[in-house]
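One-based numbering, in listed order, for ligands and for the atoms of each.
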Amino acid sequence: MDDRLPALIDVARAITGATTFDAVEAAVCESVVSLLRTDRGRLISWADLGSHGFGSFLDRAVAEERPVVAEPGDEQDHLRRLGFCAGLAAPIPVHGGPTWCLLVTQGQPDKAFGEEELQLVGFITALGGAALEHLAKSEARFRSLAQNSSDVITLVDTDGLVTYQSAAAARVFDNSESVVGRAVRDWAHPDDLPAFEQALADAQNRQHVRIECRLMHAKGTYIHVETTISNLLDEPTVAALVLNTRDVSERRRLEDELRERALHDALTGLPNRTLFHDRARHALERGLRERVPICVAFMDLDDFKAVNDTFGHAVGDELLCAIADRLASCMRPTDTVTRLGGDEFAFLLEDTELETAVAIVERILAAVSQPVALAGTEMVIRASVGLTCTEGLYTDADQLLAHADAAMYAAKAKGTHGFELFAPEMQAATEARLALRREIDRALRSDEFRLHYQPIIDTCTQQTVGMEALIRWEHPKRGLLTPGQFIDVAENSGQIVEMGQWVLLTACADAARLPPQTYISVNLSARQLQDPRLVEHVTDALERSGIGADRLILEITETAAMADTEGTISKLHELKAVGVKLALDDFGTGYSPLSYLRRFPVDLIKIDRSFVFEIERSSADLAIVRGVIDMAHALGLRAVAEGVETEAQYAVLTELGCDLGQGYLWMRPAPLDEVVAVV
Ligand code: C2E
Ligand code: CA
Ligand code: CA
């Protein structure tokens, strides 16, 4: 046998190197043919032994657990009937017991099998057995890996048929009917099928593909899964696409929930700005295609801040929810009502003519103004609405909303709790406001603000007792601007706080240059009153200038004081504690119950100039001014008349006993040096 050693080594290599059953079988059979120089060999399954017609011959090999040659008699008769002259059978031991039998046959009558052939076959079957055992083990290892994994492992052959699926499938997919033997494409949700098939095709080319899709759960339903597909077609023990599938429906549910949240307002549950934009964009695309008009309305509640300030945020939130419910009930199924934030709402009215939109807006305004029972009282809230209609003009959702917003601003400015239709000049106003805001920032940094002063006169002595500081803006291009041209914007943007702090510091510093009996009056805005650092800013200005606190008067408009009555009262007490004096400005314009006057710890009341203006001609105004002065005196307060322009007005006011006056009659506001030179 020594001269056959190289051939034996080749055989051994071929058999043990085979990595699939078919390859082992082929290597074994080829070895038999080449080493035994015989016609053919074949493997017969142990289970099938009886059905091959070789009778006891194969049984004997298995029973004796060694290769045997067909013996004369029954065994050779059997072979001859099948057309063979000689035969040899050898069991292939796998896992200790034979599962396969190697049958070697010879058709040439002159050749018989002897001891040498038995030895060679023994050698071949031992190797074959080892190879099959190894294969079985690695396959078992692969399978056990698959079985223990919580992922579902599915093998798909090149024809797209499922050849195997791990046990986890029963649990994850709850499928009583196995998909094994069926086309894997039948498993995917029809909508996800193209992507699923693409992934399978990609996997054929590449190594690794990942896809998220829906696969069939118990009949008819689907679950979201994540599947990675590995191409193990060239891996002989597997020879398949391996789909590793994991149930991600829980994760998807969470994602859906998060998306839902991201698109809805948490407080009211209404769609939010993002969703509004999304829908508006689609509506606009459709509107353009189908030539249908789209209307957008923008609503802002009037004086909502007062509700928040007076009753607290919890009540404010409840009110918003109550309003949101009402709004939703005003809408048609195709409309979208959105909370943009704060007390702002937007409405998208698709395929809607302006006339219809107007009717809807009127319905909305009526619904909003119905009383709401909250915090133990009946509350009535009003709103202002801006409305715009595309009529095939715009294509941009942002622009549409900006137009509705601008119209809302115009409605607010009218103060009638109604609605306005967008007109191009409104847009210009919005843009101008934004530009102004940016300019104010610049002006604050580059020190463009100035203070002018207007004397406050004692009506008896005609002496200047104080001066009101009035802000001016020395605009590099537009010249000197008065507060009416910028203070609203600064108030709305919050820039007024920084501006006001500058006014306090400058006015106090200026006061240090005035005679010690002259007081200085500084206007505070509503925003400043709510600023927690106000008292700190005031004391800081007093300390830096060195003036006594009693020389500073802070003017608060009646409207600002009323916005948050309780909060203001305690803030005013804090300021009083510092030692400053307080004045209630523009008195008579705030519609506040006069009983409130008692509760504000003020020292002066400034009668609004609108009452002074007609005082000689209007008996009604005269009566009011007289009443206010009398009441002020009754409360121990001094009265100041604003906007005194004529001697006649002055005469009436003196007669009514008004303590102080301020107006063009004496002097227009001017820079400090000019005022000091005159008084
Ligand atoms: P206000 O506090 O009522 O100030 C008086 C306004 O009346 C001033 O307008 C003044 O120029 C004007 N005025 C004075 N005498 C007469 C008169 O005889 N006839 C007429 N027709 N008007 C007269 P101004 O300076 O334009 O200020 C307007 C408003 O801007 C002020 O009203 C005040 O509310 C606000 N403001 C001014 N400076 C400041 C400031 O530093 N901070 C804050 N928060 N607001 C300020
Ligand atoms: Ca004032
Ligand atoms: Ca005033």
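- Of the listed residues (Y664, W666, W502), the one carrying the non-hydrogen atom nearest atom 13 (N) of ligand 1 is Y664.
- With F276 as the aromatic partner, R273 does not meet the cation-pi criteria of under 6.0 angstrom to the ring centre and within 45 degrees of the ring axis.
- Contact annotation: G500 has no heavy atom less than 4.0 Å from any atom of ligand 1.
- Aromatic ring orientation, W473 versus F486: perpendicular (interplanar angle above 60°, classes split at 30° and 60°).
- Taking any N or O of E468, backbone or side chain, at least one lies under 3.5 Å from an N or O belonging to ligand 1.
- Interface of R609 with ligand 1, defined as ligand atoms under 4.0 Å from a residue heavy atom, comprises 6 (C), 7 (O), 12 (C), 20 (C), 21 (N), 22 (N).
- When you scan the N, O or S atoms of D585 for the one nearest the Ca ion (ligand 2), you land on OD2.
- Contact annotation: S521 places no N, O or S atom under 3.0 Å from the Ca ion (ligand 2).
- No side-chain donor from either of K571 and Q530 sits under 3.5 Å from a side-chain acceptor of the other.
- Judged purely by atom type and a 3.5 angstrom limit, R450 uses its side chain to pair as donor or acceptor with the backbone of D447.
- Residue E555 counts as close to the Ca ion (ligand 2), with an N, O or S atom under 3.0 Å.
- Between Y409 and D300, the side chains place no donor N or O within less than 3.5 Å of an acceptor N or O (distance only, hydrogens not considered).
- Y650 pairs in a side chain to side chain donor-acceptor pair (under 3.5 Å) with only one of the listed residues (Q462, E655, E645), which is Q462.
- The option from P483, A641, P455, S610 that lies nearest to atom 37 (C) of ligand 1, judged by heavy atoms, is P483.
- Contact annotation: the side chain of D585 approaches that of N523 to within less than 4.5 Å [non-hydrogen atoms, C-beta and beyond].
- S369 and R382 share no side-chain donor-acceptor pair at under 3.5 Å.
- Near S525, with a cut-off below 4.0 Å to any heavy atom, the atoms of ligand 1 are 44 (N).
- Set against the non-hydrogen atoms of E642, the atoms of ligand 1 under 4.0 Å away are 3 (O).
- Interface of E645 with ligand 1, defined as ligand atoms under 4.0 Å from a residue heavy atom, comprises 17 (C), 18 (O), 19 (N), 20 (C), 21 (N).
- The atoms of ligand 1 that sit less than 4.0 Å from any heavy atom of Q454 are 14 (C), 15 (N).
- For E468, the N, O or S atom closest to the Ca ion (ligand 2) goes by the atom name OE2.
- With atom 46 (C) of ligand 1 as the reference point, the heavy atom nearest to it among T646, D608, L504, N523 is part of N523.
- Side chains of E439 and H475: a donor on one and an acceptor on the other come within 3.5 Å.
- In this structure, R472 counts as a contact residue of ligand 1, since one of its heavy atoms falls inside 4.0 Å of the ligand.
- Contact atoms of ligand 1 toward D586: 3 (O) (distance under 4.0 Å to a heavy atom of the residue).
- Across the listed options T506, V497, L470, L470 owns the non-hydrogen atom lying nearest to atom 5 (C) of ligand 1.
- Between H264 and N272, the side chains place no donor N or O within less than 3.5 Å of an acceptor N or O (distance only, hydrogens not considered).
- At a cut-off of 3.0 Å, E642 does not coordinate the Ca ion (ligand 2) through any N, O or S atom.
- In summary, of the residues considered (L584, L582, L637), a side chain to side chain contact (heavy atoms under 4.5 Å, CB included) with D603 occurs for L582 alone.
- Residue contacts with ligand 1 include P669, since one of its heavy atoms falls under 4.0 Å from the ligand.
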